[in-house]
Amino acid sequence: MNQALDTRLARTHDVLLTELFALLALCEGHPTGTRMQDLADRLGLEQSSVSRLTTRLQRKGLIERVKDDHDRRGVYCVATPAGQELATTARLTLAEALGELLDVAAFDEHTAAVVARLRYSGRPADRPMATSEETS
């Protein structure tokens, strides 16, 4: 699944799934930036992996690294306007691609029950489940 998502995001937006997750985390983080260690914790990656990841994003002009004025060792990352725009559009592509992958997985006897649970858990509590007549 990750490979299919990476392929779709790379073809459409020139980013990989982990890069998109980092961009989304930065866009949702503090406006003045997110510490590298905090980003690593949020992504579940080692700091060295996040350093390489942010270097790629910086080369693409999607983030900036900012030195901490109070701690010379500290580095913050912040999404650029181009990074924020890409995160917004790539999030939609990700949702669409996930939906397509779930549609396929729904017909596999090994994954159909999991897909049904995922779809049910994503339904807002105030919206009733669709009946078979509504979905056909």
Could you give the distance from [atom1] ([X]) to [atom2] ([Y]), rounded to the nearest 0.5 Å?
| X | Y | atom1 | atom2 | answer |
| --- | --- | --- | --- | --- |
| Thr54 | Arg59 | OG1 | CZ | 10.0 Å |
| Thr80 | Lys60 | OG1 | NZ | 12.0 Å |
| Thr18 | Leu45 | OG1 | CG | 6.5 Å |
| Ile63 | Cys27 | CD1 | SG | 10.5 Å |
| Arg42 | Leu26 | CZ | CG | 8.5 Å |
| Leu23 | Glu28 | CG | CD | 10.5 Å |

Specify the closest pair of heavy atoms between [X] and [Y], including all atoms of both residues, with the distance to one decimal.
| X | Y | answer |
| --- | --- | --- |
| Ala22 | Leu57 | CB-CD1, 4.0 Å |
| Leu9 | Leu16 | CD1-C, 4.3 Å |
| Tyr76 | Thr32 | CB-O, 4.4 Å |
| Leu39 | Ala25 | CD1-CB, 3.8 Å |

Chi angles and distances behind the side-chain hydrogen bond (donor to acceptor under 3.5 Å, both in side chains) call for Thr55, Arg65: CA-CA 9 Å; Thr55 296; Arg65 291 183 185 177; 2.7 Å; yes

Intermediate values then yes/no, side-chain contact (heavy atoms from CB on, under 4.5 Å), Cys77 and Glu64: CA-CA 6 Å; Cys77 292; Glu64 292 177 349; over 6 Å; no

Inter- and intrachain pairs under side chain to side chain donor-acceptor pair (under 3.5 Å), touching residues 93-109, at least two apart: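 Non-adjacent pairs meeting side chain to side chain donor-acceptor pair (under 3.5 Å): Arg8-Glu96, Arg8-Glu100, His13-Thr93, Asp103-Arg119.
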
Greater than 12 external heavy atoms within 6.0 Å of Glu85's CD: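 No, not enclosed.
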
Joint cluster assignment, Val78 & Leu62, ILVMFWY side-chain distance < 4.5 Å: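 No, Val78 and Leu62 fall in different hydrophobic clusters.
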
N/O donor-acceptor pair under 3.5 Å between Ser51 side chain and Gln47 backbone: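 Between the backbone of Gln47 and the side chain of Ser51 there is no qualifying donor-acceptor contact (under 3.5 Å).
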
Derivation of the side-chain contact (heavy atoms from CB on, under 4.5 Å) call for Asp14 and Leu86: CA-CA 10 Å; Asp14 193 31; Leu86 186 135; over 6 Å; no

Salt bridge Glu46-Arg52, side-chain N to carboxylate O under 4.0 Å: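 No, Glu46 and Arg52 are not salt-bridged.
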
